[in-house]
Amino acid sequence: MGPSRPSAPVDARIRPAKPRRSKERPMNLFADIRVLVIDALAALEAAGTLPAGLDTRNVTVEPPRDAAHGDMATNAAMVLAKPAKMKPRDIADALAEKLAADARITSAEVAGPGFLNLLLAPALWQGVVTGVLKTGADFGRSAMGQGQKINVEYVSANPTGPLHVGHTRGAVFGDALASLLDFAGYDVTREYYINDGGAQVDVLARSVYLRYLEAHGQEVAFEDGTYPGDYLIPVGAALKEKVGDAYVGKPEAEWLADIREYATEAMMDLIRDDLAALGVEMDVFYSEKSLYGTGKIEAALEDLRGKGLIYEGVLEPPKGKKPEDWEPREQTLFKSTEHGDDVDRPVMKSDGSWTYFAPDIAYHYDKVQRGFDALIDVFGADHGGYVKRMKAAVSALSGGAVPLDIKLTQLVKLFKNGEPFKMSKRAGTFVTLRDVVDEVGPGVTRFHMLTRKNDAPLDFDFDKVLEQSRENPVFYVQYANARVASVLRKAAEQGWDASDAVLTAQDLSGLEDPSELALIRKLAEWPRLVEAAADAHEPHRVAFYLYDLAGEFHGLWNKGNDLPGLRFLQEDAATSLPKIALARAVAVVISAGLGILGVEPAEEMR
RNA sequence: GGACCGUUAGCUCAGCUGGAUAGAGCGCUGCCCUCCGAAGGCAGAGGCCAGAGGUUCGAAUCCUCUACGGUCCGCCA
């Protein structure tokens with residue numbers, strides 16, 4: 001495949017508007033109970049038990065760490081004790097009495113320093129299962145983002161070769177984060193910044209030229225400063241097909257610009273294919289080159305200049321590690337220290353050309369001007385030193401109106417059967433995204449890349465990620481889903497109608513065993529987990545949640561081994577269907593979670 | 001010299017944005033496989049949350065300092 005049209009500069013690849021979501025209020029039992037608590041507090045204020053006008057924003061309703069404490073706990077009494085000038089205990093007692101009068105609350109008990117532990121009517125929990133089945137894949141979808149426009153920039157690898165494992169982690173993280181934000185109600189744009197304006201594309205062009213000569217039968221030598229990778233062989237050959245011998249023996253000036261264009265397009269095709277293999281689809285590919293000669297860099301810097309943030313000056317040499325060849329030079333500087341940076345940063349080199357920072361400023365200026373309410377950049381950890389200046393730039397350009405969050409992804413350490421697997425470009429043991437995906441598949445790759453926090457190093461063992469045991473979270477979650485599918489298949493074999501419509505209509509009051517209720521509680525946590533993870537920009541929490549949920553499900557399943565009454569499949573349809581409804585609800589949430597991570601749920605594991 | 005990230009069970013890591021007796025997997029110890037999928041299961045031991053101060057009803061979580069580890073630090077992106 002040859003190079004295609006120039007990378008679309010901006011809006012050309014925007015996806016069609018997202019489909020309208022269900023108008024029903026999102027179901028979140030914790031939020032519902034919190035409303036109940038707040039209402040009760042208001043009633044106490046009205047009755048004069050509490051002083052009026054208390055700030056209840058810090059009142060929370062959460063699952064207690066220890067299930068023995070009840071279903072939910074609120075800190076209301078402790079938070080309000082001081083402003084109300086009352087003892088926590090007195091507030092808690094009054095609140096408990098109020099809440100206990102509600103049919104939905106089975107009991108309300110004061111405990112510890114002033115916690116109010118609530119026991120909910122089982123019907124509320126059972127209602128969660130019905131709610132999951134009714135809402136389906138949209139269960140847990142939140143309106144938190146209020147449709148705010150948010151831009152997630154990730155991968156953004158130089159167009160000089162195929163993506164490697166490091167890029168893979170950034171790609172998976174960014175993509176899952178984007179999906180998570182979408183699920184939480186944001187209007188998300190996935191974006192890739194193509195660094196096609198710098199010196200490294202000249203290097204690329206020269207390397208392709210060598211492969212081109214090679215295709216013409218010449219002997220070539222790859223010196224330092226060229227890319228010797230085999231992946232350029234077909235590019236050189238394709239170039240020969242296209243232009244024949246037009247560039248053979250010609251000086252660089254005659255072919256450099258053409259081949260640069262040709263080669264970056266070829267590399268972007270390669271990268272797009274790599275991303276597709278991983279299941280990543282960008283909305284926008286934004287070209288750095290499109291910023292040059294179009295006045296965009298100048299416009300961005302003019303904006304900063306108008307704010308008095310650009311000046312000519314000489315930077316101090318870095319202390320401690322003084323380069324041998326350091327000498328003071330006057331440069332054009334951005335006063336990033338006014339927006340939280342440690343030193344001011346050069347935007348123009350002493351020879352008058354732009355530093356790499358200048359187009360980055362212009363690029364982020366463009367994002368601001370496109371009307372995004374918030375920006376997220378996903379970088380490799382080696383770009384950590386770049387964070388403050390970029391935030392300073394966005395803060396200055398947007399007048400502080402547009403927050404920029406920069407997420408760094410740490411290194412991936414590769415292993416093969418427990419042994420460290422060293423990568424070396426020279427030795428040809430250079431592991432690409434494609435190598436990983438071809439060997440273990442996109443789903444396993446994606447899930448495993450999210451089993452660590454983004455800023456912690458990650459071990460990736462080619463053998464262990466395929467192991468089928470509890471140690472392997474990917475398998476454990478998929479296994480749970482497969483078990484549910486198995487139950488549904490068996491139900492069908494019995495001739496029972498276990499469609500979602502039928503399951504939704506079941507009377508679930510029989511689901512009251514502690515381990516069944518524990519599983520339902522886990523399901524009920526999903527909506528608040530989505531919001532917390534989206535708010536923190538931490539998609540790994542979804543992966544951990546799914547592992548927990550799967551663990552709870554397998555736990556109930558295992559209990560069924562000893563206690564036949566807990567098995568999902570019983571003698572007759574009437575007693576089976578409520579339990580099958582629970583199993584099905586688990587599968588619905590697992591599918592939704594895996595969907596956010598970009599992983600296909602498995603129907604069977606054989 | 002400075003910046004950023006990290007430090008939680010023997011090992012690998014979570015910890016819901018400040019809540020109650022800090023959790024999971026592996027490893028270890030002891031039981032258990034005629035059972036909807038044993039590709040195992042249940043139970044137990046194991047902790048000064050790197051250290052020292054501070055903030056408050058309350059800190060693994062927030063602030064300051066220290067130690068150790070990683071990444072980075074003008075004319076490379």
Side-chain angles (χ1 to χ4, degrees), chain A residues 30 58 60 62-66 68-69 73 75 78-79 81-82 87-88 111-115 117 156 158 160 195 197-201 288 314-323 325-329 331 333 341-346 348-351 353 355-357 359-360 380-388 406 408 410-411 451-453 455-457 459 467-473 475-476 479 482-483 486-487 490-491 525 528-529 531-533 535-536 538 540-541 544-545 547-548 551 554-555 557-564 566-570 576 579 583 604-606:
Chain A
F30 293 91
N58 290 329
T60 61
E62 341 186 305
R65 195 159 295 192
D66 189 339
H69 290 141
N75 62 355
M78 287 175 291
V79 171
K82 197 173 229 183
K87 288 179 188 165
F115 282 102
N117 292 329
S156 297
N158 289 340
T160 55
N195 287 286
Q200 80 283 354
V201 288
E288 175 193 358
V314 180
L315 286 175
E316 293 288 317
K319 289 178 181 172
K321 182 199 141 202
K322 192 172 185 174
D325 56 346
W326 192 92
E327 48 185 285
R329 296 267 172 81
Q331 298 173 292
L333 301 170
D341 203 356
D342 307 302
V343 289
D344 292 339
R345 305 291 177 177
M348 193 181 271
K349 301 176 196 170
S350 49
D351 68 358
S353 63
T355 64
Y356 53 85
F357 188 36
D360 280 346
D382 53 341
H383 288 63
Y386 207 59
V387 170
K388 282 194 176 182
I406 299 184
L408 302 177
Q410 265 290 351
L411 297 177
T451 54
R452 286 288 175 273
K453 239 178 341 193
D455 50 9
D459 291 349
E467 242 170 49
Q468 303 198 331
S469 72
R470 179 161 196 174
E471 302 169 55
N472 184 352
F475 164 77
Y476 206 57
Y479 188 28
R483 274 181 157 171
S486 169
V487 166
K490 290 235 162 107
E525 277 177 38
R528 67 193 294 276
L529 180 116
E531 294 191 348
D535 193 48
E538 290 183 347
H540 76 274
R541 292 192 196 186
F544 280 95
Y545 168 82
Y547 182 70
D548 282 350
H554 290 306
W557 183 288
N558 291 330
K559 272 196 180 162
N561 289 333
D562 291 332
L563 307 170
L566 287 180
R567 295 179 194 172
F568 294 102
L569 294 174
Q570 301 288 326
S576 294
K579 295 174 185 300
E604 53 183 359
M605 304 298 292
R606 290 177 208 285

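In the text below, chain A, chain B and the rest are named by the order of the sequence lines, each starting its count at 1. None of these values were measured; they are calculated from a predicted model.
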Treating [X] as the side-chain partner and [Y] as the backbone partner, does any N or O pair qualify as donor plus acceptor under 3.5 Å?
{"X": "A:Arg345", "Y": "A:Leu333", "answer": "no"}
{"X": "A:Asp341", "Y": "A:Lys388", "answer": "no"}
{"X": "A:Gln200", "Y": "A:Asn195", "answer": "yes"}
{"X": "A:Asn558", "Y": "A:His554", "answer": "yes"}
{"X": "A:Gln570", "Y": "A:Pro564", "answer": "yes"}

Residue [X], side-chain atoms from C-beta onward, closest of [options]:
{"X": "A:Asp382", "options": "B:C36, B:G15, B:C72", "answer": "B:C72"}
{"X": "A:Asn558", "options": "B:G15, B:C76, B:G41", "answer": "B:G41"}
{"X": "A:Lys82", "options": "B:G25, B:A14, B:U56", "answer": "B:U56"}
{"X": "A:Tyr547", "options": "B:C75, B:G74, B:G25", "answer": "B:G25"}

In the strands shown, is [N] matched to any nucleotide by a Watson-Crick or G-U wobble pair with both distances under 3.5 Å, and which?
{"N": "B:G44", "value": "B:C28"}
{"N": "B:C72", "value": "B:G2"}
{"N": "B:U55", "value": "none"}
{"N": "B:G23", "value": "B:C13"}
{"N": "B:C36", "value": "none"}
{"N": "B:U7", "value": "B:A67"}
{"N": "B:C49", "value": "none"}

Please state how far atom [atom1] in [X] lies from atom [atom2] in [N], giving the value in whole angstrom units.
{"X": "A:Asp562", "N": "B:C42", "atom1": "CG", "atom2": "C1'", "result": "8 Å"}
{"X": "A:Asp351", "N": "B:G74", "atom1": "CG", "atom2": "C1'", "result": "13 Å"}
{"X": "A:Asp548", "N": "B:G23", "atom1": "CG", "atom2": "C1'", "result": "9 Å"}
{"X": "A:Gln410", "N": "B:U7", "atom1": "CD", "atom2": "C1'", "result": "14 Å"}
{"X": "A:Asp341", "N": "B:A3", "atom1": "CG", "atom2": "P", "result": "12 Å"}
{"X": "A:Leu566", "N": "B:C36", "atom1": "CG", "atom2": "P", "result": "14 Å"}
{"X": "A:Asn561", "N": "B:U34", "atom1": "CG", "atom2": "P", "result": "11 Å"}
{"X": "A:Arg470", "N": "B:A38", "atom1": "CZ", "atom2": "C1'", "result": "14 Å"}

Select base, sugar-phosphate, or nothing to describe what [X] touches, counting heavy atoms under 4.0 Å on all strands.
{"X": "A:Glu467", "result": "nothing"}
{"X": "A:Tyr545", "result": "nothing"}
{"X": "A:Phe357", "result": "nothing"}
{"X": "A:Gln331", "result": "sugar-phosphate"}
{"X": "A:Lys559", "result": "nothing"}

Measuring to OP1 and OP2 of [N], would you say a side-chain N or O of [X] lies under 4.0 angstrom away?
{"X": "A:Tyr356", "N": "B:C75", "value": "yes"}
{"X": "A:Lys349", "N": "B:C76", "value": "yes"}
{"X": "A:Trp557", "N": "B:G41", "value": "no"}
{"X": "A:Lys388", "N": "B:C4", "value": "yes"}
{"X": "A:Arg452", "N": "B:C5", "value": "no"}

Contact nearer the 5' end of RNA chain B, comparing A:Arg483 with A:His383: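 By nearest-heavy-atom nucleotide position, the 5'-most residue is A:Arg483.
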
Residue whose closest nucleotide on RNA chain B lies nearer the 5' end, A:Asp459 versus A:Asn195: A:Asp459

Dump the pairs, protein N or O against N or O of nucleotides 16-20 of chain B, anything under 3.5 Å, distances to one decimal.
unit_1: B:C16; atom_1: O2; unit_2: A:Arg528; atom_2: NH1; d: 2.8
unit_1: B:U17; atom_1: O4; unit_2: A:Ala536; atom_2: N; d: 3.4
unit_1: B:A20; atom_1: OP2; unit_2: A:Arg65; atom_2: NE; d: 3.4
unit_1: B:A20; atom_1: N6; unit_2: A:Asn117; atom_2: OD1; d: 2.6
unit_1: B:A20; atom_1: N1; unit_2: A:Asn117; atom_2: OD1; d: 3.0
unit_1: B:A20; atom_1: N1; unit_2: A:Asn117; atom_2: ND2; d: 3.1

Closest heavy-atom pair and its distance - A:Phe544, A:Thr451: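 Heavy atoms only, the tightest pair is CZ-O, 3.3 Å.
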
Shortest non-hydrogen separation from A:Phe475 to A:Met605 and the atoms involved: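 Residues A:Phe475 and A:Met605, closest heavy atoms: CD1-CE, 3.3 Å.
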
Check against side chain to side chain contact (heavy atoms under 4.5 Å, CB included), A:Lys349 and A:Tyr356: CA-CA 10 Å; A:Lys349 301 176 196 170; A:Tyr356 53 85; over 6 Å; no

Anti or syn - B:U61, cut at 90° from 0: anti

Between A:Tyr479 and A:Arg483: side-chain donor-acceptor atoms closer than 3.5 Å: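 Their side chains do contain a donor-acceptor pair, which is all the 3.5 Å distance test asks for.
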
